[in-house]
Amino acid sequence: MGKTGKTAKNILFVMHDQLRFDYLSCAGHPHLRTPNFDRVASMGVRFTNAYAQSPVCGASRMSFYTGRYVSSHGAQWNGFPIRVGEQTLGDHLRRLGMSCWLIGKTHMKADTEGMARLGLAPDSVIGARQAECGFDAWIRDDGLWGEGPDGYYDERHSPYNEYLRSKGYPGTNPWADFANAGRDDDEIASGWMLANSDKPANIREQDSETPWLTREAIRFVDQATEPWCAHLSYIKPHWPYIVPAPYHAMYGPNQVPAPRRHEIEREDPHPVFGAYMGNRIAAAFRNDEARQKAVRAYMGLIKQCDDQLGRLLDHLEATGRMDSTMIVLTSDHGDYLGDHWLGEKDLFHEPSVKIPLIVYDPRPDADDTRGRTCDALVESIDLAATFVEFAGGKVPDHVVEGRSLLPLIRGESPAWREFVISEYDYSVTPQCTELGLEPRDARLFMVFDGRFKMMHAEGGFRPMLFDLETDPDEFHDLAKGNSHQCEIDRLYGCLAQWGRRLAQRVTRSEDDIKAMRGRSLRKGILPFLVDGSEIDEAFTARYRGRTRARFAEE
């Protein structure tokens, strides 16, 4: 019989792509009801100040998976490979007897050049793990099966397209024809166009991406016999904004929150902010009709995610696994949805960089905090440390830069960080070109201390500054004047402190270094002695005594 119930520790690490922190009913959304997210929040702790290490998919996810800041692991944009040898959740957890599996999306790119240099075959166990960000892949599908004049956006095999064909959906790319498209009479109404977001996707609801991945997760759970960490990484509610019936029509125009934006934001904006306000994405979300349709579909996608979460929770309870499984619900970043005159993510306003984070720990020492919120400043890299401690290990803090959340979940009051950091490299974007920057200078950094949030931009630009206590909507950029220079200087001090962190000494821990002290002395390396009396005689014994003959007598 497999290890189930209270005899095993499992981790269900659920990530929803591009889910805003405030589009859950437990986080105060006025119209969207998410009873199953709320159900996990009532069982565990909801962190109200959790931030992604980058507001772009690939860079953010690599921070989740390594427990390291973006400038530490180096995979700073989608399609930037994570270098061979970077330790990930799989490396840390397998050493503790816990397998680590992927079900869904990672958006990572393998360092194929590095693998070839080291002779790592992609079809070997270690090569496959290097190519999948340290996971064993139960099933991987990154979800965007776009197809254009130069071929497919994702050149890998699509398990989801294979599934659709097995269900009778025709064509070489049924994702594009059915899951990501409605119908307009007999014409394809593609989800790439926001004008079609109010149409139901031309697919049976049970065959759309979210139910498909839920079934795969249940199939994984049912066959698992040893302690596991399963990263269930949903493709939605990330755009394209289109959802099957009945979810496409669950929300009306009067249930779409108005965009949070102010004309003052467009008055002498920070150059980087101004460049993003001028792009095609922002223009689409300034079209009120298109935005209405997109947000209603986005809400429908979230409702479908919540319903599928309910199926999964019910299965864990029915099979006796709920009391042995930590459950984590989060997102890689948010979505502007027209707030601040923007769409997508990219910058550091709350709708983009703040993420939902709910953690259920089934063990009795978490009983006192069930159903509570925690407003400590939390970073996405903290999950790697949390999982290591939950699995019974000591956090390797010379590698993992995050901090375990378990003390907070137990209701303790540990000394905690005073600020959070997020980074964004926009060197491959049109905004970099528009601003006339070299790639090395197209980098942004956020420092947030719980009240003041500063964005630093390389390339000689001024910073941005917001006071979220007096301006929670982040409309008024206080760095336009000189009245808050003290706060700017203080936050630059925080950024400098973070920049001096010890990020790359990853082959020796603090304990290793302490154990090395005096080791050479004990092995006979005795430089700079005057007469040997300075140290214990045991260390000089080999070098004292009668002189040996220089040559054997002839």
Side-chain angles (χ1 to χ4, degrees), residues 51-83 86 107-109 111 269-279 281-282 332-334 336 340 342 344-355 379-381 401-402 419-449 452-466 474 477 479 488-504:
Y51 290 84
Q53 257 50 77
S54 179
V56 67
C57 299
S60 174
R61 287 168 179 271
M62 298 310 106
S63 287
F64 273 102
Y65 304 155
T66 62
R68 291 165 61 73
Y69 291 103
V70 174
S71 54
S72 296
H73 61 67
Q76 296 179 309
W77 181 262
N78 300 336
F80 284 24
I82 187 166
R83 61 178 173 258
E86 192 72 35
H107 217 304
M108 71 84 62
K109 185 175 179 62
D111 180 8
H270 186 283
V272 177
F273 184 26
Y276 275 90
M277 282 194 287
N279 69 14
I281 304 164
D332 53 350
H333 51 71
Y336 275 107
H340 303 284
L342 298 173
E344 262 275 75
K345 48 264 186 183
D346 300 315
L347 301 183
F348 299 123
H349 299 93
E350 297 283 271
S352 173
V353 73
K354 191 171 183 177
I355 54 176
E379 297 181 323
S380 65
I381 55 176
E401 297 184 283
F419 57 87
V420 292
I421 297 287
S422 189
E423 304 171 71
Y424 184 50
D425 180 327
Y426 62 103
S427 57
V428 301
T429 71
Q431 286 71 43
C432 174
T433 304
E434 179 183 337
L435 292 167
L437 298 176
E438 291 299 317
R440 72 186 69 237
D441 291 327
R443 293 182 293 136
L444 307 175
F445 298 84
M446 180 199 82
V447 186
F448 178 51
D449 67 2
F452 288 97
K453 181 188 291 185
M454 185 184 76
M455 182 189 83
H456 165 73
E458 287 290 287
F461 300 114
R462 67 167 178 85
M464 294 178 73
L465 180 71
F466 299 100
E474 303 174 282
D477 180 1
I488 292 172
D489 292 343
R490 182 178 60 82
L491 292 172
Y492 267 116
C494 294
L495 185 61
Q497 176 187 330
W498 171 80
R500 293 190 298 270
R501 73 196 185 283
L502 191 60
Q504 299 302 329

Student: Considering only heavy atoms from C-beta outward, does the side chain of E379 approach that of I421 to under 4.5 Å?
Tutor: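 When only atoms from C-beta onward are counted, I421 and E379 do touch, with a gap below 4.5 Å.
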
Student: Y426: what forms a ring-ring contact (aromatic ring centres under 6.0 Å, His included) with it, not counting sequence neighbours?
Tutor: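 Scan of Y426 (ring-ring contact (aromatic ring centres under 6.0 Å, His included), adjacent residues dropped) gives none.
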
Student: Might you work through the ring pair (Phe, Tyr, Trp, His ring centres under 6.0 Å) test for F273 and H340, ending with a clear yes or no?
Tutor: CA-CA 10 Å; F273 184 26; H340 303 284; 7.1 Å; no

Student: Heavy atoms, side chains only, cut-off 4.5 Å: are D477 and F466 in contact?
Tutor: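 SC-SC contact between D477 and F466 confirmed.
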
Student: So which atom in L347 and which in S352 form the shortest heavy-atom distance, rounded to 0.1 Å?
Tutor: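 Looking at all heavy atoms of both residues, the closest pair is O-OG, 2.8 Å.
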
Student: Examine the side chains of T66 and E86 and answer whether a donor and an acceptor come within less than 3.5 Å of each other.
Tutor: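 Looking only at side-chain atoms, E86 and T66 do not form any donor-acceptor pair under 3.5 Å.
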
Student: Just checking, any donor-acceptor pair under 3.5 angstrom between side chains of Y276 and E344?
Tutor: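 Short answer, no.
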
Student: Of all the heavy-atom pairs spanning F445 and F348, show the shortest one and how long it is.
Tutor: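 So the two residues come closest at C-CE1, 3.8 Å.
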
Student: Does NZ or CZ of K453 come closer than 6.0 Å to the centre of the six-membered ring of F448, within 45° of the ring's axis?
Tutor: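 Judged by the rule, K453 and F448 form a cation-pi pair.
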
Student: Quick one, V56 with H333, criterion side-chain contact (heavy atoms from CB on, under 4.5 Å). Give me CA distance, side-chain angles, the key distance, then yes/no.
Tutor: CA-CA 7 Å; V56 67; H333 51 71; 5.7 Å; no

Student: Under a 4.5 Å cut-off applied to non-hydrogen side-chain atoms, are M108 and Y65 in contact?
Tutor: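 No; the side chains remain at least 4.5 Å from each other.
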
Student: Please indicate whether Q504 has more than 12 foreign heavy atoms, meaning atoms of other residues, nucleotides or ligands, lying under 6.0 Å from its CD.
Tutor: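 Atom CD in Q504 is crowded, with more than 12 foreign heavy atoms closer than 6.0 Å.
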
Student: Between R501 and S72, do the side chains contain an N or O donor and an N or O acceptor separated by less than 3.5 Å?
Tutor: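 Distance-only check passes for R501 and S72.
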
Student: Check the orientation of Y424 and W77. Use parallel for under 30°, tilted for 30 to 60°, and perpendicular for over 60°.
Tutor: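 Rings of Y424 and W77: tilted, as their planes differ by 30° to 60°.
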
Student: Please determine which of R61, Q53, H107 meets the side chain to side chain donor-acceptor pair (under 3.5 Å) test together with D332.
Tutor: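 When side chain to side chain donor-acceptor pair (under 3.5 Å) is applied between D332 and each of R61, Q53, H107, only R61 qualifies.
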
